[in-house]
Number of protein chains: 2
Amino acid sequence: MTAQSTDEACCTDTHRSDVCCADGHFLSEEAVATDVETLSALGNETRYEALRLIAAAEDGICVCDLEPELGVSQSAVSQALSRLFGSGLVERRKEGRWRYYTATPRAEALLRVLDETR
Amino acid sequence: MTAQSTDEACCTDTHRSDVCCADGHFLSEEAVATDVETLSALGNETRYEALRLIAAAEDGICVCDLEPELGVSQSAVSQALSRLFGSGLVERRKEGRWRYYTATPRAEALLRVLDETR
DNA sequence: GTTTTATATTAGTGTATTCTAATATTAGCA
DNA sequence: TGCTAATATTAGAATACACTAATATAAAAC
């Protein structure tokens, strides 16, 4: 049944929905869900570009600055930021009537890898 | 109009759809498209788990080994691998009647960062 | 307190995604 | 030459997504 050319050291007896990762240990269902959420949150042009702009702004950037750059409605920008926040890619702080967004270390690491491997 | 708390060293005069990245230079439209394609390709449970399995198998793994692990139809597995290949996350080689898939350096780097920052 | 400005939420719509079932292709084997 | 096994392709259906327009909230300014 198996067509593996070499022996299969790992993953043949994997419990369904637990997944094997590169160095031989297992990934919990929760970790998979977290990663997939992270990746799909970033896998959209509006959100990706929003995060790029946020990561480029040293002290955070507010929604009103993002809106003209992204070329979609204010509502769409707000929804994009909300999703980025929900998936742990940005932090936000309130200052007066503005909300400033900053990128999390995870987000910065991901952008760095994308740049380094493109 | 702008509500930036500090001066904005970068990105105020961004050409539409060219995006500013973390260290101050610009990202081409093409680079954005590439990254978004990469991220959305991985932002799906079936494809993410397929890539994890591929990355865990030293010498590549064939579709027939992936199918029982992923719990979707053979057609869905084939479509998943096709998309991963198309977005540069896996390579494939033909050997007899099997096709072996391996992860690209970009894919491995992304998985590593996800593991390190989760 | 009313108005204005920044952001969030909701509802609805068009489009894209992801799967299954069926069929096609391709390569080894009898 | 057929037959079987591995993978790919296509078509169609259910569901998820991303947006806009309209409305709500919340804080400053007047």
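Just so we're clear, the structure is a prediction, and the values are computed from it rather than from any experiment. Chain naming here is simple, since letters A, B, ... match the order of the sequence lines and numbering starts at 1 in each. Because only heavy atoms are used, hydrogens play no part in the values below, and waters and symmetry mates are left out as well, while side chains stay in.
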Does this structure show an ion pair linking [X] with [Y], if we count only N-O contacts that are shorter than 4.0 Å?
X        : Y       : value
A:Arg93  : A:Glu95 : yes
B:Arg106 : B:Asp35 : yes
A:Glu37  : A:Arg83 : yes

Looking at side-chain heavy atoms only, is the closest gap between A:Asp65 and A:Leu53 below 4.5 Å?
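No, their side chains stay 4.5 Å or more apart.
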
Between A:Leu114 and B:Leu110, is any pair of side-chain heavy atoms under 4.5 Å apart?
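They are in side-chain contact.
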
Compare every heavy atom of B:Val77 with every heavy atom of B:Leu70, then report the nearest pair and how far apart it is.
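Here B:Leu70 and B:Val77 meet closest at CD1-CG2, 4.0 Å.
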
Starting at atom [atom1] of [X], determine the distance to atom [atom2] of [N], rounded to an integer number of angstrom.
X       : N      : atom1 : atom2 : result
A:Leu42 : D:dA18 : CG    : P     : 12 Å
A:Gln79 : D:dT20 : CD    : P     : 9 Å
B:Ile54 : D:dT7  : CD1   : P     : 12 Å
A:Arg93 : C:dA6  : CZ    : P     : 17 Å
A:Glu45 : C:dA16 : CD    : P     : 14 Å
B:Asp65 : D:dA6  : CG    : P     : 10 Å
A:Leu81 : C:dT9  : CG    : P     : 12 Å
A:Glu67 : C:dA8  : CD    : P     : 11 Å

Tell me which nucleotide among [options] gets nearest to the side chain of [X].
X       : options                : result
A:Thr46 : D:dC19, D:dT7, C:dT7   : D:dC19
A:Asn44 : C:dA6, D:dC19, C:dT9   : D:dC19
B:Arg99 : C:dT26, D:dT7, C:dA6   : D:dT7
B:Val63 : D:dA18, C:dA6, D:dA8   : D:dA8
A:Arg97 : C:dT26, D:dC19, D:dA28 : D:dA28
B:Ser78 : D:dT7, C:dA8, C:dC19   : D:dT7
B:Val72 : D:dC19, D:dA8, C:dT20  : C:dT20

Remember a base hit wins even if backbone is also touched, and classify B:Phe85 as base, sugar-phosphate or nothing at under 4.0 Å, heavy atoms.
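Nothing, no heavy atom under 4.0 Å.
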
Determine whether a donor-acceptor pair (one donor, one acceptor, N or O, separation below 3.5 Å) exists between the side chain of B:Ser75 and the base of D:dT7.
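Checked by distance alone, the answer is no.
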
Does B:Gln74 make a side-chain donor-acceptor contact with the base of D:dA6, cut-off 3.5 Å?
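It does not, because no donor-acceptor pair links the side chain of B:Gln74 to the base of D:dA6 below 3.5 Å.
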
Side-chain N or O of A:Arg92 less than 4.0 angstrom from OP1 or OP2 on C:dT7?
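No, outside the criterion.
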
Closest-nucleotide mapping onto DNA chain D: is A:Lys94 or A:Arg83 further toward the 5' terminus? I mean the 5' end.
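It is A:Arg83 whose nearest nucleotide is closer to the 5' end.
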
Most 5' of A:Ala76 and A:Gly96 on DNA chain D, judged by nearest nucleotide
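Of the two residues, A:Ala76 wins.
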
